[in-house]
Amino acid sequence: MVQEAEAIEARALEEIARAADPSDLEEIRIRYMGKNGDLTRVLRSVGKAEPRDRPRIGQRVNQAKKTIGEALEARRAACEAGGESAAGALDVTLPGRPPPMGSKHPLTLIREEVTEIFRDMGFSVVDGPEVEWDYYNFEALNIPRDHPARDTQDTFYLGSDIVLRTHTSPVQVRVMEQQKPPVRVIVPGRTYRHENPDATHAFTFHQCEGLYVDKGVTMAQLKGDMTYFAQRLFGGKVKVRFLPDFFPFTEPSVQYDFSCVACGGKGCRICKYTGWLEISGAGMVDPAVFGFVDYDPEVYTGYAFGMGLDRLAMFKYGIDSIHMFLENDLRQLEGH
Amino acid sequence: MVIKVPLSWLQAYCDVPWPVEELVDRLVMSGLEVDGVDTVGSDFEEFVVGHVERVERHPNADRLSLCTVDVGGETLQVICGAPNVAAGQKVPVARVGAVLPGGMEIRKAKIRGVESFGMICSEAELNLSDDHEGIMVLDAAVEPGQPLKDIVGGPETVLSIDVGTNRPDCLALVGVAREITALSGGELRIPSGVVDEAGPPVDTLASVRVDAPDDCPRFVGRVITGVRIGPSPDWLKRRIEAAGIRSISNVVDVTNYVMLEMGQPLHAYDLDRLAGRGIVVRRAGEEEAFTTLDDVDRTLDGEVLMIADHETGIGVGGVMGGLDTEITPETDRVFLEGACFDAVRVRRGSKALQLQTDASRRFERGMDPELQGEAVGRAAGLIAEVAGGMVAEGMIDVRTPADPDPVIRLRTSRVNGLLGTALDRDEIAALLRRLRFDTRADGVDLEVGVPSFRRDVFREVDLIEEVARLYGYDRIEPVASAPPRDDTAEAREREEARRGTQDDQRRLRDAMAGFGFTEVVTHSLLHPDLNRLIDPDRPGVMIDNPLSPELSAMRTNLAASVLGVVRWNANRKVRDIRIFEAGRVFWAKEEGLPDEPEHLCFAVTGQRHSPHWDGPPGAFDFFDLKGLAEALLGRLGLDRVETVPYDKIDPLFDADRTGELLADEVRAGRFGAVAQRVLDHYEIREPVWMGVIDCGVLFGQASDRRTYHAPPKYPAVERDLAIVVPEEVTHRDILNEIRACSGDLLESVELFDVYRGTQIAAQSKSMAYAMRFRSGERTLTDAEVTRLQDKVLRRLVSRYRAELRS
């Protein structure tokens, strides 16, 4: 009887493995473990065996029953999960059911990366209105009404005193009005220029302003901090260079470049074979700006910088058109 | 403002000891932004002067001419298509074998059956200018067969320099040369304003009166008599054309030449067309009419500075002259003007005329008040040289005394304190002297005299910039700034608040991305009709000078542009769209700046998830949306989130399928099916589910505080309750009653079935709830729970006519 139970067990396991779906399994269960099933029959006949053999036989038959039952259950679960061939092995190459994959926009990703780095450097993140007083956007940044520098920032007007901010710099003034030094802030945000869009221009873009005012802030620190930032964002080999430039609200003013992150400075299409990527402008806060916010330029000095988040994202994520950002082609955005 | 600097011309004023590439590099590193380096002209091998002897019509083509051209000891038959070719002209001829600057090689060719042995060229074909209207006609004095290079010169390198608004002195070749000598230490050769004065005293010929001295601190005039107006000599033409200015006539070309050279805009009048032979500088009258040189009639006002003669206006100061007094071929006596106009006044004039000229751009940036005498003298001498005539004796010079050149104290400690350098006094002085500042030591510091051409420098910090750029920014050693010393409690609290907002914004986006949504970012500008479509009563913010009507309003809602993204992608066959945008909307206020609340908008079309071989996932529906909206608020840590029917009309949504989200009883946003009317406007065919949430409420209540609770000590008792209620009773009604009756002992309640159909009465539904009761202090008894359950049922029966379902 023991042999019989073992044979039944082997046969049942083989059939279970071959079963294609739950109804096959149900048939198998009835055939072996139903009222008149093979194994049920053997179990009933245990009583007819020698009393001393009964426990041993009973134990083995029960074990077979348990094994078959478990195999049925496992197989049923597998069948219900689907994807198993009649031959028994799961076709693991069938496509899985992916959980829904969302993604953040590259402008969000770059803003988060940039703010993360500056936070580590002790900067806090602040905000200001996009529809801004002319005073903050221009006047208090040492760009009076009749200054030709206004021509370099083509402006959307909403009445005579209100503009769409042309840069994030007005927030510098707003922060300094409300807070005494030390000030160490960055301002990521949206800015607007009255420019007809073409291959390289957009009328909406995204900047990040930085401002650090304290006793003893120097241009050497500006250079050091921009180098730290560049290397955190693009890797330790990136170099920073300063070129003289002009902005009414900084003096001295510089344009700062990063060595090309694509070619390492050897010259390529991305850097137009110059080895350098123009990032943006920076400089030491002009004493005239301190005058508007009542900081004493004899006591405090400061540096300020801007950067185009769109441009940084292009370099960082290999995006080749500035228009990608607001086009929102999901075939491009999804899954990042 | 970009100026073009032909290198060979520049070298008239200074030596350039470096190859072009190094020159560019040095200029850029010291503050002149070189935008481009171009080559004008070429070597002109096989290009010669030709004398056109005969012009006949091509036998087989009306528009072509058959020219016989003497190229010096040889006569060629050349076919020419230009209408201006004529016998007797001296022209540039490309012989067979010549290669045009554009790369085309000239070969012997048969054109419409007639052979041609070369080509007569236009200026554009020679890469000398953009002029391709007809062939170039050379000076009559040149000899046939002379190499063209001898006449137009070899290839010219032209730098394009973008000069910042702070450096008007560099809007001149002399200014650029001055920068180069500061770098090289070489000699600067400034053209002289001293001129041979052979004519009668100028006072006997013309007069100048300045009625607006604040607007015109200096006005210099000279007269040249007996000029012959004609074309400029080749050298003059070549230089100004390489610098991007078209040649007009010898006298006008000289005024432009000297402007390019020295930076002083000049204007030449026909003296005999000036009423009263005099100039009056005054403000324009209100609504004064004036025709500018470009032949446009304009109306001026009192903000504009007028140059007038004794009868009428003849020019807008610093912007443009007038038609009636310009130089003509008959002009005999020239009155030459060189003025110093006030920057703001010129800018107002330029704005009033909506006209920017080479002159106005220079004046707007500030003019050196010492330049006019030199420039006018220089130009008068050149006019006498190229147009003949005599320069009258003396010059008219009406001026208010200029402020003395400033002297600025420059502290060595301040230089190093701002730059982070370790320069000493004498190093600083040497750098400044190279830039032609006067320096005098005063203890450890300096007294610095600023030359008149550097009006942009008037403060100590301006001098520090000069020191820095000449010293070289690449020599400033980078150092890390000091660690933050936000060491007050106030500073820490401020930082905590700022971080909170940033962190909330990040958590919001992370949550949405985690729920399978793709973030989009759209423009804040749109057509005002879209605002009205979705948010008709909201006062919007309009742009005064929009790029187009489609971009003339600030968005009052995110839905309009998010639906635009849905359509854009649906049109590109993207199915199953799940997107969100978090951004600002703009709501006008009675006065002042608009409100800029931050909103979240999410939109879904299509299926629950992407299609799978195992079967379709089913369409996204209202309860997917609701689950999502509530999960989002929960994820951000908001308490007591629930959805109630929206009691007003939101035109964005289908009124029957709109839910309002409450968080702790504060309205946080709405979601639902986008109204068909809106979908039709966007021509979107699929249903769109959308939610709009006010981030102000979201972030105001958001919390990332986590509290963990100990696992329960006592067992729970579970009871199911199935009731039949009239159709109008909501789940929320029932839930509220269950909660109200069972108090603290109710741990959870879940709706697990809703049934409508034949087994129950019409206009009613069966709702089945699984309730779990537990006490934190003891094991609940069956009887106790049964009492609670009965109480719930009694309340539902009396309140909502509920019946226990058997």
Side-chain angles (χ1 to χ4, degrees), chain A residues 82 94-95 97-98 100-105 107-108 112 115 122 124-126 129-131 133 146 148-149 152 156-159 162 182 184 190 194 196 203-204 212 217-221 223-225 227-228 241-246 251-252 254 284 287 301 325-326 328-331 333-334, chain B residues 28-31 164-166 344 347 364-365 418-420 461-462 464-465 468-469 473-474 476-481 483-485 495 498 502 506 509 512-524 541-545 547 565 568-569 574 577-578 584 586 593-594 596 609 612-614:
Chain A
L94 280 171
R97 255 180 233 105
M101 294 281 274
S103 56
K104 293 194 275 190
H105 193 276
L107 285 172
T108 295
E112 289 179 353
T115 50
S124 56
V125 183
V126 294
E130 291 172 26
V131 181
W133 295 109
D146 285 303
T152 62
F156 288 108
Y157 284 93
L158 301 84
I162 299 179
R184 207 187 297 227
R190 177 170 274 195
H194 190 269
N196 279 304
F203 57 85
T204 300
Y212 173 34
V217 177
T218 68
M219 190 139 226
Q221 288 176 352
K223 208 171 174 186
D225 290 351
T227 305
Y228 176 86
R241 78 168 178 182
F242 280 8
L243 304 175
D245 205 331
F246 169 69
E251 185 88 1
V254 296
M284 305 306 292
T301 54
F325 295 110
L326 299 187
N328 297 305
D329 189 329
L330 295 177
R331 296 167 299 182
L333 290 177
E334 272 176 356
Chain B
V28 167
M29 294 305 286
S30 69
T165 54
N166 60 325
V344 169
R347 189 170 166 81
E364 278 182 29
R365 287 159 169 74
L418 201 62
L419 299 179
V461 69
D462 301 328
I464 295 174
E465 177 167 71
R469 71 183 181 90
Y473 287 110
D474 51 340
I476 293 178
E477 283 300 318
V479 298
S481 60
R485 49 178 196 86
E495 176 58 14
R498 285 172 178 169
Q502 288 300 311
R506 180 182 281 217
R509 287 172 172 82
M512 289 306 294
F515 292 142
F517 282 70
T518 298
E519 186 183 14
V520 299
V521 175
T522 65
H523 286 294
S524 316
V541 181
M542 297 296 293
I543 309 290
D544 286 353
N545 57 334
L547 290 171
V565 175
W568 197 90
N569 283 282
V574 180
I577 293 170
R578 290 179 162 229
R584 296 183 185 183
F586 302 84
L593 300 180
E596 299 186 13
H609 17 247
H612 190 252
W613 53 268
D614 198 26

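First the proteins, then the strands, lettered A, B, ... as listed; each starts at 1. Side chains are part of it too, since the values below use all heavy atoms of this structure and drop only hydrogens, waters and symmetry mates.
- Contacts of A:Ile162 with chain B are made by side-chain atoms alone, with heavy-atom separations under 4.5 Å and no backbone atom involved.
- Per-residue counts of heavy-atom pairs under 4.5 Å with chain A were compared for B:Met512, B:Arg506, B:Met29; the largest is that of B:Arg506.
- Note: B:Gln502 leads B:Arg365, B:Gln502, B:Arg469, B:Glu477 in heavy-atom pairs under 4.5 Å with chain A.
- Most heavy-atom pairs under 4.5 Å with chain A, from the set B:Thr522, B:Ile464, B:Asp474: that is B:Thr522.
- Both the backbone and the side chain of B:Asn545 come within contact range of chain A, with heavy atoms under 4.5 Å apart.
- Distance check: B:Tyr473 OH to A:Met219 CE gives 4.5 Å after rounding to the nearest 0.5 Å.
- With rounding to the nearest 0.5 angstrom, the CG atom of A:Leu330 is 3.5 Å from the CG atom of B:Asn569.
- B:Leu547 is listed as a side-chain neighbour of A:His194, based on a closest heavy-atom distance under 4.5 Å.
- Looking at A:Leu107, the atoms closer than 4.5 Å to chain B (heavy atoms on both sides) all sit in the side chain, from C-beta outward.
- For B:Arg509, the parts sitting under 4.5 Å from any heavy atom of chain A are the backbone and the side chain alike.
- Side-chain contact between A:Val125 and B:Arg498: absent, with no pair of heavy atoms (C-beta onward) separated by less than 4.5 Å.
- Both the backbone and the side chain of B:Val520 come within less than 4.5 Å of a heavy atom in chain A.
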Exercise. List the steps and the verdict of side-chain contact (heavy atoms from CB on, under 4.5 Å) for B:Glu465 and A:Met284.
Key: CA-CA 10 Å; B:Glu465 177 167 71; A:Met284 305 306 292; over 6 Å; no
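- For chain B, the option among A:Thr218, A:Asp146, A:Thr115 with the highest count of heavy-atom pairs below 4.5 Å is A:Asp146.
- Among all heavy-atom pairs drawn from B:Phe586 and A:Glu130, the shortest one is CZ-OE1, 3.2 Å.
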Exercise. Could you walk me through whether B:Met542 and A:Leu158 pass side-chain contact (heavy atoms from CB on, under 4.5 Å), step by step?
Key: CA-CA 7 Å; B:Met542 297 296 293; A:Leu158 301 84; over 6 Å; no
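- Looking at B:Val565, the atoms closer than 4.5 Å to chain A (heavy atoms on both sides) all sit in the side chain, from C-beta outward.
- A donor-acceptor pair under 3.5 Å is formed between the side chain of B:Glu596 and the backbone N or O of A:Val131.
- Looking at B:Phe517, only its backbone comes within 4.5 Å of chain A, counting heavy atoms on both sides.
- Only the side chain of B:Arg347 comes within contact range of chain A, with heavy atoms under 4.5 Å apart.
- Heavy atoms closer than 4.5 Å to chain B are found in the backbone of A:Phe325, but not in its side chain.
- At a 4.5 Å heavy-atom cutoff, the contact between B:Ser524 and chain A is made by backbone and side-chain atoms alike.
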Quiz item: Step by step, would you call B:Trp568 with A:Asp329 a side-chain contact (heavy atoms from CB on, under 4.5 Å)?
Solution: CA-CA 8 Å; B:Trp568 197 90; A:Asp329 189 329; 3.5 Å; yes
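- Proximity to chain B is limited to the side chain of A:Val254, based on heavy atoms less than 4.5 angstrom apart.
- A:Pro244 approaches B:Val28 most closely through the heavy-atom pair CD-O, 3.5 Å.
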Quiz prompt | A:Leu333/B:Glu519 under side-chain contact (heavy atoms from CB on, under 4.5 Å): CA gap, chis, key distance, verdict | solution = CA-CA 8 Å; A:Leu333 290 177; B:Glu519 186 183 14; over 6 Å; no
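- When each of B:Val521, B:Ile476, B:Val461, B:Val344 is checked for heavy-atom pairs under 4.5 Å with chain A, B:Val521 comes out on top.
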Exercise. Output, in order, the C-alpha distance, side-chain angles, deciding distance and verdict of side-chain hydrogen bond (donor to acceptor under 3.5 Å, both in side chains) for B:Ser481 and A:Arg184.
Key: CA-CA 11 Å; B:Ser481 60; A:Arg184 207 187 297 227; 3.2 Å; yes
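- Here B:His523 contributes atom NE2 and A:Thr204 contributes atom OG1; the two are 5.0 Å apart, rounded to the nearest 0.5 Å.
- Residues A:Glu251 and B:Asp462 meet the side-chain proximity criterion, which asks for heavy atoms closer than 4.5 Å.
- Shown here for A:Lys104 and B:Ala513, the closest heavy-atom pair between the two residues is CG-CB, 4.2 Å.
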